[in-house]
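Here the structure is laid out as structure tokens; the discussion comes afterwards.
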Amino acid sequence: MVLIVDDIKANIIALKKTLELHNIDVDSAESGEEALRKILKTNYCLIIMDVQMPGLDGFEVVKILSGNKRTKDIPVIFLSALNIEKKYIFKGYETGAVEYITKPVDTDLLMLKVKTFIKIYEQQNELKGIKDLLSKEIKIRKEAQDNLEIKIAERTKELVLKNEELEMKNHELQQFAWVVSHDLNEPIRKIQIFIKIIKDLYLTTDAKAIDYVDRTIKSAERMQTLITDLLAYSRLSAQVKPETTDLNVVLQEVLSDFDYLIDRKNATVKTSELPTIDSIPSQLRQVFQNLIGNAIKFSGANEPPLIEITSEFIAEKSFDSPTSPDGKFCRIVVKDNGIGFDEIYLDRIFIIFQSLNDRQTYEGTGIGLAIAKKIIEKHNGLITAKSEVGKGASFIIVLPLKYE
């Protein structure tokens with residue numbers, strides 16, 4: 001449940017209606033004092049707090065919450081129409097808020113952030129459940145050695161189902177906010193350490209329990225990768241000044257990073273001369289890294305990977321634009337001979353958390369192509385793909401030579 005705290009009832013009604021349209025349970029408080037009373041009685045996954053209120057203001061409420069063991073981890077988003085100077089924004093973060101948004105509010109962006117924190121809350125509860133189940137497993141092992149094998153089998157099945165449910169929820173997540181706290185890595189790291197300690201001290205002779213623990217450790221590692229990718233995606237919203245970029249240099253840096261994998265897969269990479277454009281080099285490096293990495297990852301089983309990267313100048317910002325030596329745009333094609341995909345799923349491959357392939361066979365978070373699409377769009381460009389199952393894929397990028 002989300003708690004809205006604002007001394008102006010009209011603001012509460014408007015925001016509450018927006019959240020409820022997205023099927024989010026909402027509670028409200030019209031003062032800092034009322035909010036504290038409710039927070040002590042009810043568990044909230046997120047608090048949206050007005051800064052300026054009579055009596056206890058938003059800063060004071062969050063400071064009190066931060067000092068309480070039960071409430072210090074509740075994420076708080078500040079909303080303010082008056083306190084919009086940097087010193088107030090800094091103060092908001094210093095008191096413990098996860099975000100400070102000035103009004104007028106971009107409703108779509110706010111909803112993305114709210115949904116993200118709700119999803120994080122659910123995932124943390126899932127991880128806590130796994131940890132609790134592990135603790136119960138060790139207690140059972142000490143108390144009932146005679147029926148240990150049966151009990152471990154039952155708990156293992158239960159935990160496998162929990163992990164499958166967690167994976168399903170991750171797949172269902174379509175949108176998320178660009179703000180994801182680095183602090184999320186810390187509890188996951190501790191869970192990994194504790195699980196490894198449990199494995200080394202108590203489960204050295206039980207093969208099934210060891211297998212279960214290894215799966216849990218791997219799930220935690222996947223969660224860390226997901227958080228890293230989310231942070232990378234969220235950083236794309238930052239404003240960075242473009243610079244003159246030789247894409248040949250960017251591409252060679254990426255290929256150098258893939259040297260080991262290219263050799264191991266016996267892959268061949270053919271490149272033509274790429275243009276020099278206005279861009280953010282680090283971001284386009286990430287695009288090439290994702291596309292080339294996918295081409296190597298999704299290679300066919302019958303022949304080594306062949307990747308061809310070509311470029312040409314075009315007259316218009318269009319995938320089908322005719323070539324033109326004096327064109328103001330370039331069209332870059334990254335083509336491979338991999339497993340390909342059915343083009344009826346073209347719209348899905350650029351959506352976050354979407355994957356067309358078995359994640360047991362091809363590991364990944366389903367974020368790479370979503371990142372690539374967002375980067376290209378930030379550069380005022382276009383990206384699409386053409387493919388057939390079993391006949392490879394071609395990713396087509398259109399970029400302006402000059403950034404506007």
Side-chain angles (χ1 to χ4, degrees), residues 1-9 11-12 15-16 18-20 22-80 83 88-103 105 110-132 135 166 169 176-177 179-191 194 223 227 230-231 234:
M1 180 181 288
V2 176
L3 176 63
I4 302 171
V5 185
D6 198 313
D7 62 313
I8 300 176
K9 195 164 185 178
N11 291 344
I12 293 177
L15 185 53
K16 184 175 181 181
T18 300
L19 295 179
E20 288 177 344
H22 291 265
N23 297 319
I24 297 173
D25 292 332
V26 181
D27 195 4
S28 62
E30 297 182 21
S31 68
E33 292 83 357
E34 182 185 359
L36 288 175
R37 289 194 296 270
K38 288 196 171 188
I39 292 167
L40 291 175
K41 297 178 181 178
T42 307
N43 290 325
Y44 297 103
C45 61
L46 176 66
I47 300 172
I48 301 175
M49 178 87 64
D50 184 30
V51 173
Q52 195 170 39
M53 295 183 293
L56 286 175
D57 64 20
F59 294 138
E60 293 171 323
V61 174
V62 173
K63 188 176 292 186
I64 294 171
L65 296 179
S66 299
N68 185 290
K69 183 177 180 180
R70 193 180 76 82
T71 60
K72 65 184 181 67
D73 293 325
I74 302 175
V76 177
I77 296 176
F78 276 134
L79 292 181
S80 179
N83 303 79
Y88 294 112
I89 296 175
F90 290 155
K91 183 177 180 181
Y93 286 116
E94 287 172 356
T95 56
V98 297
E99 182 56 279
Y100 194 110
I101 301 175
T102 57
K103 297 179 181 179
V105 178
L110 177 62
M111 287 310 307
L112 288 178
K113 294 180 181 183
V114 170
K115 289 181 180 179
T116 294
F117 285 112
I118 292 175
K119 182 58 64 175
I120 291 170
Y121 176 82
E122 293 171 351
Q123 292 173 344
Q124 287 177 327
N125 285 341
E126 292 287 348
L127 289 172
K128 183 178 182 298
I130 292 174
K131 181 181 176 182
D132 291 342
S135 299
L166 183 58
K169 289 179 180 178
F176 71 97
V179 175
V180 180
S181 170
H182 285 278
D183 292 342
L184 286 176
N185 278 309
E186 184 60 22
I188 295 176
R189 185 183 68 82
K190 288 181 179 178
I191 290 171
F194 292 147
M223 182 63 71
I227 290 170
L230 287 170
L231 288 170
S234 67

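Just so it is clear, the values below take in all heavy atoms, side chains as well, and ignore hydrogens, waters and symmetry mates.
A heavy-atom distance below 4.5 Å is found between the side chains of Val5 and Met53. Side-chain contact between Asp6 and Leu15 is absent, with no heavy atoms from C-beta onward closer than 4.5 Å. Side-chain atoms of Ile191 and Ile130, non-hydrogen and from C-beta on, never get closer than 4.5 Å to each other. The shortest distance between side-chain heavy atoms of Lys131 and Lys128 does not fall below 4.5 Å. Looking at heavy atoms from C-beta onward, Ile24 lies in side-chain contact with Met111 at the 4.5 angstrom threshold. Annotation: side chain of Lys113 is in contact with side chain of Ile101 (closest heavy-atom distance under 4.5 Å).
Here the closest non-hydrogen pair linking Ala97 and Val62 is N-CG1, 4.2 Å.
For Phe78 and Phe59, the ring centers are positioned less than 6.0 Å apart.
In summary, Glu60 and Lys63 do not engage in a salt bridge, as defined by a charged side-chain N under 4.0 Å from a carboxylate O.
Note on residues 23-46: pairs passing side chain to side chain donor-acceptor pair (under 3.5 Å), not counting sequence neighbours, are Asp27-Lys38, Asp27-Tyr44, Asn43-Arg70.
Side chain of Ser80 to backbone of Tyr100: no donor-acceptor contact under 3.5 angstrom is found.
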List the steps and the verdict of side chain to side chain contact (heavy atoms under 4.5 Å, CB included) for Asp50 and Asn11.
CA-CA 10 Å; Asp50 184 30; Asn11 291 344; 5.7 Å; no
* **side chain to side chain contact (heavy atoms under 4.5 Å, CB included) assessment of Leu19 paired with Ile48** => CA-CA 11 Å; Leu19 295 179; Ile48 301 175; 4.2 Å; yes
